[in-house]
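Notes follow once the structure below has been shown.
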Amino acid sequence: MISIVVPYLSNSRCINICKKYIEQNTVNTYELIEVVDNTDVYAAFNEGAHQAKYDIILLINDDMFVSPGWDELYIKHTTPRSVVTGLLIESGRIPVNYRNVEYDCGKVPEEFDYNKFLSYIKDNPIDELKTNSMGWYMPVAFHRSTYIDYPNDIKYPHPNDVTLLSHMLPAYGFDFKQVGVYTYHIQNFSKDN
């Protein structure tokens with residue numbers, strides 16, 4: 001069972017598509033914790049994580065669309081004191097980080113081509129698990145028993161991801177794992193609608 005936390009602004013153009021694919025592609029029992037109109041995304045993730053009732057907490061942004069069975073490997077490989085990420089396919093709407101794959105399946109929500117996304121996944125299989133490896137900062141899974149809050153002293157867009165995942169958690173002895181799960185990141189943040 002998994003607690004999925006998705007923060008978004010009420011004017012998000014992505015959230016309905018995000019929720020559609022979570023519902024369609026999640027195999028296991030889950031709860032969806034929506035944190036709406038909290039303008040500090042890190043505080044929103046913390047708020048949602050504290051509401052979680054299941055042991056696996058998975059944080060995702062509203063502009064990310066999941067693939068079939070995406071939850072299975074996150075659940076299988078998330079243990080206390082672990083950080084589990086997957087692999088993002090990004091539209092190229094903004095520069096693509098070196099950790100991610102640039103492949104355009106739509107730059108705006110209305111143009112998202114789900115079949116093109118599935119075709120890419122089929123043609124580009126990846127290993128089930130890489131240890132000591134981290135994909136992009138979202139989606140990310142934690143075990144509820146060892147969840148550590150995102151710091152809120154540095155503001156959006158990315159510094160608190162770096163602070164928590166690249167500095168704090170390694171210092172606390174967390175293991176990093178990248179599972180063979182693709183998620184499409186349309187790079188259409190709800191703040192810019």
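Throughout, numbering of the chain's residues begins at 1 and tracks the sequence. Fair warning: this is a prediction, and the values are worked out from it, not measured in the lab.
His185 and Asn61 are not linked by any side-chain donor-acceptor pair at a separation below 3.5 angstrom, with hydrogens and angles left out of the test.
Residues meeting the ring pair (Phe, Tyr, Trp, His ring centres under 6.0 Å) test with Phe65, sequence neighbours left out: Phe112. Applying the salt bridge (Lys or Arg N to Asp or Glu O under 4.0 Å) criterion to Asp104, with sequence neighbours excluded, gives Lys107. In terms of the side chain to side chain contact (heavy atoms under 4.5 Å, CB included) criterion, residue partners of Glu111 (sequence neighbours excluded) are, by chain and number, Val108. Partners of Pro170 according to the side chain to side chain contact (heavy atoms under 4.5 Å, CB included) rule, which considers only residues two or more places apart in sequence or in another chain, are Phe176. Evaluation of the salt bridge (Lys or Arg N to Asp or Glu O under 4.0 Å) rule for Asp55 yields Arg144 as partners, not counting sequence neighbours. A search for side chain to side chain contact (heavy atoms under 4.5 Å, CB included) contacts involving Arg99 returns Asn97, Met134, Trp136, Tyr137, not counting sequence neighbours. Applying the side chain to side chain donor-acceptor pair (under 3.5 Å) criterion to Ser67, with sequence neighbours excluded, gives no partner residue. Not counting sequence neighbours, Tyr98 has no partner by the side chain to side chain contact (heavy atoms under 4.5 Å, CB included) test. Residues passing the salt bridge (Lys or Arg N to Asp or Glu O under 4.0 Å) test with Glu34, sequence neighbours excluded: Lys19. Partners of Ser119 by side chain to side chain donor-acceptor pair (under 3.5 Å), not counting sequence neighbours: none found.
The backbone N or O of Gly106 sits less than 3.5 Å from a side-chain atom of Tyr184, completing a donor-acceptor pair. In this structure, Glu90 contributes its side chain and Asn100 its backbone to no donor-acceptor pair below 3.5 Å. Judged by distance alone, the side chain of Asp71 and the main-chain N or O of Val27 form a donor-acceptor pair under 3.5 Å. Judged purely by atom type and a 3.5 angstrom limit, Asp62 has no side-chain atom pairing as donor or acceptor with the backbone of Tyr8. Remark: the backbone N or O of Arg93 is paired with a side-chain donor or acceptor of Gln187 at under 3.5 angstrom. A donor-acceptor pair is defined here as one N or O able to donate and one able to accept, closer than 3.5 Å; such a pair exists between the side chain of Asp37 and the backbone of Ser10.
Note that CD1 of Ile33 and NE2 of His50 are 11.0 Å apart. Values are rounded to the nearest 0.5 Å. With rounding to the nearest 0.5 angstrom, the CG atom of Leu58 is 10.5 Å from the OG1 atom of Thr85. Note that the CD atom of Glu31 and the CD1 atom of Ile57 stand 9.0 Å from one another [nearest 0.5 Å]. Taking CD1 of Ile148 as the reference point, atom CG of Asn46 lies at 11.0 Å (rounded to 0.5 Å). The distance from atom CG of Leu118 to atom CG of Asn25, rounded to the nearest 0.5 Å, is 7.5 Å. Asn28 CG to Ile2 CD1: the interatomic distance, rounded to the nearest 0.5 Å, is 7.5 Å.
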*Applying side-chain contact (heavy atoms from CB on, under 4.5 Å), run through Val66 and Ile60 and close with a yes or a no.*
CA-CA 10 Å; Val66 298; Ile60 189 168; 3.6 Å; yes

*Any chance you could lay out the side-chain contact (heavy atoms from CB on, under 4.5 Å) test for Gln51 and Val5, step after step, and finish with the verdict?*
CA-CA 9 Å; Gln51 294 175 31; Val5 177; over 6 Å; no

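Hydrophobic cluster membership of Tyr54, counting Ile, Leu, Val, Met, Phe, Trp and Tyr whose side-chain heavy atoms lie under 4.5 Å apart directly or via other members: Met1.
By the 30° and 60° cut-offs, the orientation of the rings of Trp70 relative to Tyr74 is perpendicular. Ring planes of Phe142 and Tyr150: perpendicular class, angle over 60° (limits at 30 and 60°).
Cluster membership check: Met138 does not share its hydrophobic cluster with Val96, using side-chain heavy-atom separations under 4.5 Å among Ile, Leu, Val, Met, Phe, Trp and Tyr.
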Can you list, pair by pair, the side-chain donor-acceptor contacts under 3.5 Å of residues 120-132, counting residues two or more places apart and other chains?
residue, atom, partner, partner atom, Å
Asn124, ND2, Tyr120, O, 2.9
Glu128, OE2, Lys76, NZ, 2.7
Glu128, OE2, His77, NE2, 2.8

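For the pair Tyr147/Asp149, a side-chain contact is recorded, criterion being any heavy-atom separation below 4.5 Å from C-beta on. Side-chain contact between Met64 and Val6 is absent, with no heavy-atom pair separated by less than 4.5 Å. Side-chain atoms of Ile22 and Tyr30, non-hydrogen and from C-beta on, do get closer than 4.5 Å to each other. Counting heavy atoms from C-beta on, the side chains of Pro7 and Phe45 come closer than 4.5 Å.
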